[in-house]
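Heads up: the structure comes next, in structure tokens.
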Amino acid sequence: MPVRPILRLGDPRLRQVSEPVETLDTPELHALITDMFDTMRAADGAGLAAPQIGVPLRVMIFGVESNPRYPDAETVPTTVIVNPEYDVLDDTQVSGWEGCLSVPGMRGCVPRSRAIRYRGYDAKGKLIERAVDGFHAIVFQHEYDHLDGVLYPDRIVEKTKFGFEDELVAAGVFD
Ligand code: NI
């Protein structure tokens, strides 16, 4: 299945609120998820949400094994979540440098809730429910935001902690 073009910040389709998937375990849903994995892996991403390839449905994928874009990151299991929801378990805000395939070449420091419980369905309709913290919680919150038309630059509090990755590395701000 094809690698799809990834929409970039400025495209109004990234700002839509996506719709729930009505029927699970359909050929269309499986094909979408295959395309999403192919697209994410081709771009060395940690996660991808369906609206990033122009599909306004509440579907997200993520997973971090060894990723050259996040060399020091904790691993996160490869996961598909359809129609996700979450609750905050610990609203302590932890800040980390995030990137996004829709904001290529840039990084920003974003505060997120430290621990959450999320639930949703895999592509076959099996319930997934997990309590997570750390990088796993951050990746989930980042991808979930895409389903509501929110991108990480919207959440940057310290506006100076945002820039091009190579400049931030050169400045020693981000490594
Ligand atoms: Ni993103």
Side-chain angles (χ1 to χ4, degrees), residues 1-64 67-70 73 76 78-88 96-113 116 118-125 128 135-157 159 161-166 168:
M1 297 297 285
V3 171
R4 306 258 209 117
I6 298 174
L7 309 187
R8 295 189 305 160
L9 181 65
D11 189 311
R13 291 173 289 176
L14 288 170
R15 295 306 193 171
Q16 293 178 330
V17 176
S18 291
E19 296 290 332
V21 173
E22 291 192 0
T23 310
L24 296 159
D25 202 19
T26 61
E28 294 77 15
L29 180 60
H30 289 289
L32 170 64
I33 289 166
T34 299
D35 283 7
M36 288 173 66
F37 272 110
D38 289 350
T39 303
M40 180 180 85
R41 287 178 172 144
D44 275 330
L48 190 75
Q52 290 181 274
I53 57 168
V55 177
L57 292 172
R58 301 185 82 81
V59 178
M60 62 158 84
I61 64 170
F62 53 80
V64 180
N67 186 319
R69 294 182 73 231
Y70 301 89
V76 178
T78 298
T79 302
V80 174
I81 311 242
V82 180
N83 297 345
E85 296 172 33
Y86 74 104
D87 299 311
V88 173
W97 287 93
E98 296 187 16
C100 180
L101 296 176
S102 293
V103 193
M106 302 194 80
R107 294 293 178 104
C109 194
V110 181
R112 303 277 186 188
S113 300
I116 61 171
Y118 69 75
R119 75 198 70 76
Y121 299 90
D122 73 9
K124 292 188 168 176
I128 299 167
F135 190 56
H136 191 156
I138 288 169
V139 170
F140 178 94
Q141 290 171 80
H142 176 116
E143 299 309 330
Y144 185 93
D145 270 353
H146 279 296
L147 307 182
D148 287 337
V150 175
L151 288 101
Y152 82 80
D154 308 344
R155 295 203 182 273
I156 294 171
V157 174
K159 303 299 183 193
K161 292 189 173 177
F162 181 45
F164 291 97
E165 186 172 359
D166 53 356
L168 293 165

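The figures that follow rest on heavy atoms only: side chains count, while hydrogens, waters and symmetry mates do not. Computed from a prediction, not measured in an experiment: that's the story for all the values here.
- L24 CG to Y121 OH: the interatomic distance, rounded to the nearest 0.5 Å, is 8.0 Å.
- Between the side chain of N83 and the backbone N or O of V21 there is at least one donor-acceptor pair closer than 3.5 Å.
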Derivation of the side chain to side chain contact (heavy atoms under 4.5 Å, CB included) call for Y152 and D145: CA-CA 8 Å; Y152 82 80; D145 270 353; over 6 Å; no
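- A donor-acceptor pair is defined here as one N or O able to donate and one able to accept, closer than 3.5 Å; no such pair exists between the side chain of R112 and the backbone of A137.
- E143 places none of its side-chain heavy atoms less than 4.5 Å from the side chain of V59.
- The side-chain hydrogen bond (donor to acceptor under 3.5 Å, both in side chains) test applied to S102 returns Q52, not counting sequence neighbours.
- Taking CZ of R4 as the reference point, atom CG of D35 lies at 4.5 Å (rounded to 0.5 Å).
- Relative ring orientation between Y118 and F140 is described as parallel, the plane-to-plane angle staying below 30° on a 0-90° scale split at 30° and 60°.
- For the pair R119/I128, no side-chain contact is recorded, criterion being any heavy-atom separation below 4.5 Å from C-beta on.
- In this structure, CE on M106 lies 12.0 Å from SG on C100, to the nearest 0.5 angstrom.
- Between A123 and L29, the shortest heavy-atom distance links the atoms O-CD2, 3.7 Å.
- Using a 4.5 Å heavy-atom cutoff, the side chains of F37 and I61 are in contact.
- In terms of modelled atom types and a separation under 3.5 Å, the side chain of D148 and the main chain of V150 share no donor-acceptor contact.
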Run the numbers on R15 and L9 for side chain to side chain contact (heavy atoms under 4.5 Å, CB included), then give the verdict. CA-CA 9 Å; R15 295 306 193 171; L9 181 65; 3.7 Å; yes
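- With D154 contributing its side chain and L151 its backbone, the two residues share a donor-acceptor pair below 3.5 Å.
- To the nearest 0.5 angstrom, D38 atom CG is 9.5 Å from I53 atom CD1.
- For K124 and D122, the salt-bridge test fails: no basic side-chain N is under 4.0 Å from an acidic carboxylate O.
- In this structure, CZ in F62 is found 4.0 Å from NE2 in H136, a value given to the nearest 0.5 Å.
- When all heavy atoms of L147 and A49 are compared, the pair lying nearest together is CD2-CB, 4.0 Å.
- Scanning both residues, P84 and M60, for their nearest heavy atoms gives CG-CE, 3.8 Å.
- Contact detail for G45 and L101: the closest heavy-atom pair is CA-CD1, 3.9 Å.
- No donor-acceptor pair closer than 3.5 Å links the side chain of R107 to the backbone N or O of E165.
- Scanning all heavy atoms of the two residues, the minimum distance from V64 to A46 falls at CG2-CB, 3.7 Å.
- In this structure the side chain of Y144 reaches within 4.5 angstrom of the side chain of R58, judged on heavy atoms.
- Here the straight-line distance linking atom CG of L48 with atom NE2 of H142 works out to 9.0 Å at 0.5 Å rounding.
- Side-chain atoms of Q16 never come within 3.5 Å of backbone atoms of P51 as a donor-acceptor pair (strictly under, hydrogens ignored).
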